[in-house]
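Model, not experiment: these values are computed from the prediction. Heavy-atom basis, side chains included; hydrogens, waters and symmetry copies ignored.
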Amino acid sequence: MARPERKKALRGRAGRMKGGRGSGRASAGQTRLWGRHPVEAALKNPERKHRKLWATREAIEGLDGELPADFPVEYADVSDLARLVAKDAPHQGLVLECEALETVFIDEVALGDPAKPILVLDQVTDPHNVGAILRSAAAFGAAAIVTQDRHTPPESGVLAKSASGALETVPWVRVVNLARTLEDLAEAGYWRIGLTGEADEALADALPTGPVALVLGAEGEGMRHNIQGHCDALAKLPISSAIESLNVSNAAAIALYATATRA
């Protein structure tokens, strides 16, 4: 399949794609992260503004890298830390309070490396699934994930734990209108493939040689009809008839692998 022509200029005010402006990753303005991998990744992220770290002395000693001398740290025991996080959350002796990451715009990623796919999630609301998808996106070199402002989980400790550090490295674009954003991705040269078990064509046969946006819907409901209508092709993963469907995060990982290894 031939590579679609990429546009150098994108429509929208101030050089932004229509529908590309989001409200940031967390409406409350701050979040609390826990666990070694999420906290270490956040501490290493220069874009992340930190407020305070609660930690056991053993966990501090096990961190990869030293904290600045003036970093606000409060030492606590395991039971104290457990009261700062969700019930039974595996905090591993580290709880970090920080500000939510800054807004990422769609044109910041759409005009990047054309070999990197973009993942578009249609009303995937489970934070464990979104976190796992972020992790797979980091593993297979995706450019970003795109979700709506609404009907998507906020940045949180649960999501960050599932992402295992990928929340800090994979851009997360939130948009107001997902259908319009898909139109803008097409204008930027992306071939939009919606994944659905009802499709006739296998993903491997639908993949282009150029920029691709993979579109996945929520479990159960799948992609909304309007979102399917904004895809250039619908494709399925060749799974056995012994099982009806895959978890959306597993489907995303397989689709990303197929895209990364396409001929």
Side-chain angles (χ1 to χ4, degrees), residues 1-12 16-22 104-124 130 133-134 136-137 140-149 151-152 170-218 221-238 246 248-249 251-263:
M1 190 174 294
R3 171 178 292 188
E5 182 181 355
R6 305 189 79 207
K7 300 293 182 70
K8 294 182 178 179
L10 300 173
R11 61 188 176 187
R16 303 294 186 189
M17 286 184 179
K18 291 182 179 178
R21 188 178 179 88
V104 179
F105 295 97
I106 188 65
D107 55 333
E108 294 176 49
V109 296
L111 293 181
D113 186 348
K116 293 185 175 183
I118 291 177
L119 277 173
V120 180
L121 307 182
D122 181 27
Q123 299 192 341
V124 178
V130 176
I133 289 170
L134 280 165
S136 295
F140 293 107
I145 70 167
V146 180
T147 68
Q148 287 178 290
D149 268 332
H151 306 296
T152 193
V170 178
W172 182 357
V173 181
R174 290 176 178 265
V175 299
V176 174
N177 189 314
L178 204 59
R180 191 160 57 200
T181 299
L182 285 169
E183 292 177 5
D184 291 324
L185 285 173
E187 184 177 292
Y190 282 78
W191 188 253
R192 305 158 301 176
I193 302 176
L195 292 178
T196 172
E198 300 172 356
D200 295 324
E201 189 175 24
L203 176 60
D205 298 324
L207 284 170
T209 57
V212 62
L214 300 170
V215 187
L216 297 96
E221 297 84 357
M223 281 182 294
R224 290 171 293 164
H225 181 73
N226 182 44
I227 298 303
Q228 286 194 26
H230 283 82
C231 293
D232 299 296
L234 298 178
K236 63 182 178 181
L237 299 176
L246 292 173
V248 65
S249 63
I254 294 170
L256 285 168
Y257 172 79
T259 304
T261 57
R262 58 185 163 170

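Taking Q148 as the reference, D122, Q123, H151, L178, R224 meet the side chain to side chain contact (heavy atoms under 4.5 Å, CB included) condition, with sequence neighbours excluded. Partners of K116 by side chain to side chain contact (heavy atoms under 4.5 Å, CB included), not counting sequence neighbours, listed by chain and number: D113, A143. Listed by chain and number, the residues in a side chain to side chain contact (heavy atoms under 4.5 Å, CB included) with A204 amount to none (sequence neighbours excluded). Looking at residues two or more places apart in sequence or on another chain, you find a side chain to side chain contact (heavy atoms under 4.5 Å, CB included) between A253 and S136.
The backbone N or O of L185 lies less than 3.5 Å from no partner atom in the side chain of R192, so there is not a single donor-acceptor pair.
Heavy-atom minimum distance, V248 versus L216: O-CD2, 3.9 Å. In plain terms, the two heavy atoms of R262 and L207 that are nearest each other are CB-CD1, 4.3 Å.
Once rounded to the nearest 0.5 Å, the distance linking CD1 of I254 with CG of L246 reads 5.0 Å. To the nearest 0.5 Å, atoms CG (L119) and CD1 (I133) are separated by 7.0 Å. Interatomic distance, CG of L134 versus CD1 of I145, reported as 4.0 Å (0.5 Å rounding). Interatomic distance, CE of M223 versus CG of L195, reported as 6.5 Å (0.5 Å rounding).
In this structure, D149 does not pair ionically with R174, as no charged nitrogen and carboxylate oxygen lie closer than 4.0 Å.
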